[in-house]
Amino acid sequence: MPRRFWLMKCEPEVYTIADLERDGATTWEGVRNYQARNLLRDDMKVGDGVLFYASNALPSGVTGLAKIVRAGFPDPTAWKEGHEYFDPASTMAAPVWYSVEIGFVERFALTIPLATLKATRGLGKMMVTQKGSRLSVQPVTRSEYQIVTQLGRAT
DNA sequence: GCCAACGTTGGC
DNA sequence: GCCAACGTTGGC
């Protein structure tokens with residue numbers, strides 16, 4: 001089965017590529033958007049490549065690489081009463097929200113800013129470069145992944 | 001902090 | 001099922 005590629009957004013105040021480097025792996029929890037949920041639950045597979053994106057950052061951009069180390073499973077935080085991600089609609093029998101686990105791959109020396117992505121040939125159609133693109137988990141093509149990886153290693 | 005874009009909610 | 005109101009995201 002061909003490896004697929006993704007971009008996952010997180011605010012630096014919540015979690016960074018440096019945190020992932022320290023932890024080795026982390027559970028990607030708290031996604032509460034159906035479109036992103038479907039990707040987590042159905043499409044992300046072990047071994048898929050991930051561009052780690054820092055949103056609401058200075059600058060916002062891709063800060064490194066990760067990979068899927070555990071495919072979709074019910075988001076445990078949805079079951080924790082009192083937790084900020086608690087959702088009574090999600091039950092053990094019929095989970096509503098899903099998580100994956102990602103593992104650390106590489107930390108770029110410098111962030112590849114959104115402005116650079118927008119200006120780079122071959123990334124014009126990348127979802128994150130489109131106006132109003134708010135999806136926190138996005139599909140990325142192999143070629144987009146490779147171009148961004150090269151940018152990250154070149155700096 | 002501003003504000004545009006988007007998703008969700010809820011009245012009808 | 002429409003759509004206005006509202007809340008959230010996220011770049012700047």
Side-chain angles (χ1 to χ4, degrees), chain A residues 4-23 26-44 48-68 72-102 104-141 143-145 147-152 154-155:
Chain A
R4 297 179 67 181
F5 301 91
W6 310 97
L7 178 144
M8 299 175 80
K9 292 182 190 171
C10 189
E11 303 194 12
E13 284 202 3
V14 179
Y15 203 77
T16 66
I17 191 72
D19 293 330
L20 184 59
E21 183 172 28
R22 178 197 63 213
D23 296 342
T26 194
T27 299
W28 205 262
E29 55 198 20
V31 172
R32 296 293 179 269
N33 168 282
Y34 288 104
Q35 211 178 333
R37 186 283 307 273
N38 292 345
L39 296 175
L40 292 168
R41 186 189 59 192
D42 305 330
D43 297 323
M44 301 177 83
D48 284 359
V50 174
L51 299 174
F52 194 101
Y53 183 92
S55 61
N56 261 319
L58 296 170
S60 294
V62 178
T63 55
L65 305 178
K67 64 185 174 186
I68 306 298
F73 58 93
D75 184 340
T77 65
W79 296 327
K80 289 182 186 152
E81 206 160 345
H83 194 284
E84 73 169 305
Y85 297 139
F86 175 67
D87 182 355
S90 185
T91 63
M92 298 253 182
V96 176
W97 304 114
Y98 280 73
S99 297
V100 296
E101 189 174 358
I102 64 169
F104 176 76
V105 172
E106 186 174 324
R107 177 180 172 185
F108 293 162
L110 295 171
T111 299
I112 309 305
L114 179 59
T116 301
L117 300 179
K118 287 180 176 172
T120 299
R121 212 181 153 80
L123 301 182
K125 290 185 179 167
M126 199 175 173
M127 195 181 285
V128 77
T129 67
Q130 312 301 311
K131 190 177 180 184
S133 151
R134 289 175 25 179
L135 197 59
S136 65
V137 176
Q138 307 180 352
V140 166
T141 67
S143 125
E144 287 162 352
Y145 180 89
I147 291 169
V148 175
T149 297
Q150 279 168 11
L151 287 173
T155 49

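Convention: sequence-line order gives letters A, B, ...; per-chain numbering from 1.
Note: CH2 (A/W97) to C1' (B/dT8) measures 10 Å, nearest angstrom. Distance CZ (A/R37) to P (B/dG7): 15 Å, rounded to an integer number of Å. Straight-line distance from the CD atom of A/Q130 to the C1' atom of B/dC6: 15 Å, rounded to whole Å. Residue A/Q138 contributes atom CD, which lies 12 Å from atom P of B/dG7 at whole-angstrom precision. Atom pair A/R134:CZ and C/dT8:P shows a separation of 10 Å (rounding to whole Å applied). Atom pair A/M8:CE and C/dT9:P shows a separation of 16 Å (rounding to whole Å applied). When the C1' atom of C/dT9 is taken as reference, atom NZ of A/K9 falls 8 Å away, rounded to whole Å. Here B/dT8 presents its P atom at 6 Å from CG of A/N33, a figure rounded to the nearest Å.
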All N/O donor-acceptor pairs, side-chain side in residues 12-20 of chain A, below 3.5 Å, sequence neighbours left out:
unit_1: A/Y15; atom_1: OH; unit_2: A/D19; atom_2: O; d: 3.3
unit_1: A/Y15; atom_1: OH; unit_2: A/D23; atom_2: OD2; d: 2.5
unit_1: A/T16; atom_1: OG1; unit_2: A/A18; atom_2: N; d: 3.3
unit_1: A/T16; atom_1: OG1; unit_2: A/D19; atom_2: N; d: 3.1
unit_1: A/T16; atom_1: OG1; unit_2: A/D19; atom_2: OD2; d: 3.3
unit_1: A/D19; atom_1: OD1; unit_2: A/R22; atom_2: NH1; d: 3.3
unit_1: A/D19; atom_1: OD2; unit_2: A/T16; atom_2: N; d: 3.0

Listing, residues 114-121 of chain A side-chain donor-acceptor contacts under 3.5 Å, not counting sequence neighbours, or none:
unit_1: A/T120; atom_1: OG1; unit_2: A/T116; atom_2: O; d: 2.6

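Side-chain rings of A/W97 and A/Y34 approach one another, their centers coming within less than 6.0 Å.
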> Under the side chain to side chain contact (heavy atoms under 4.5 Å, CB included) criterion, do A/V62 and A/T111 qualify, and how do the steps go?
Replying inline: CA-CA 6 Å; A/V62 178; A/T111 299; over 6 Å; no
>> Go through it in stages, so that I can follow the logic: the residues are A/R4 and A/D43, the test is side chain to side chain contact (heavy atoms under 4.5 Å, CB included), and I'd like the CA-CA distance, side-chain angles, deciding distance and then a yes or no.
In response: CA-CA 9 Å; A/R4 297 179 67 181; A/D43 297 323; 3.7 Å; yes
> Between A/N33 and A/R134, is a side chain to side chain contact (heavy atoms under 4.5 Å, CB included) present by the stated rule, with each step listed?
Replying inline: CA-CA 10 Å; A/N33 168 282; A/R134 289 175 25 179; over 6 Å; no
> Can you check side chain to side chain contact (heavy atoms under 4.5 Å, CB included) on A/F108 and A/L65, steps first, answer last?
Replying inline: CA-CA 8 Å; A/F108 293 162; A/L65 305 178; 3.8 Å; yes
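Of all the residues in residues 113-127 of chain A, A/L114, A/K118 reach under 4.0 Å from DNA chain C with at least one non-hydrogen atom. Listed by residue number, A/Y53, A/S55, A/N56, A/S60 are the residues of residues 50-60 of chain A with a heavy-atom contact under 4.0 Å to DNA chain C.
Looking at which nucleotide of DNA chain B each of A/Y34 and A/K131 is closest to, the 5′-most match is held by A/K131.
Heavy-atom neighbours of A/E21 CD from other residues, nucleotides or ligands within 6.0 Å: above the threshold of 12.
Here A/R37 does not pair with A/D75 in a salt bridge; the nearest charged N to carboxylate O distance is not below 4.0 Å.
Here the shortest heavy-atom pairing between A/G72 and A/V100 reads N-CG1, 3.8 Å. The two atoms that bring A/L40 and A/M44 nearest to each other are CD2-SD, 3.5 Å, heavy atoms only.
Here the rule is ring pair (Phe, Tyr, Trp, His ring centres under 6.0 Å) with A/F52, and of A/Y145, A/F104, A/W28 only A/W28 fits it.
A distance-only check finds a donor-acceptor pair linking the side chain of A/S133 to the backbone of A/M127 [under 3.5 Å].
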Please tabulate the protein-to-nucleotide N/O contacts below 3.5 Å involving nucleotides 1-5 of chain C, giving atom names and distances.
none

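Side-chain contact check for A/S90 and A/R32: no donor-acceptor pair (N or O, by modelled atom type) lies under 3.5 Å.
Taking five base pairs at each end of the helix from B/dG1-C/dC12 to B/dC12-C/dG1, the local helix axes there meet at an angle of 10°, rounded to 10°.
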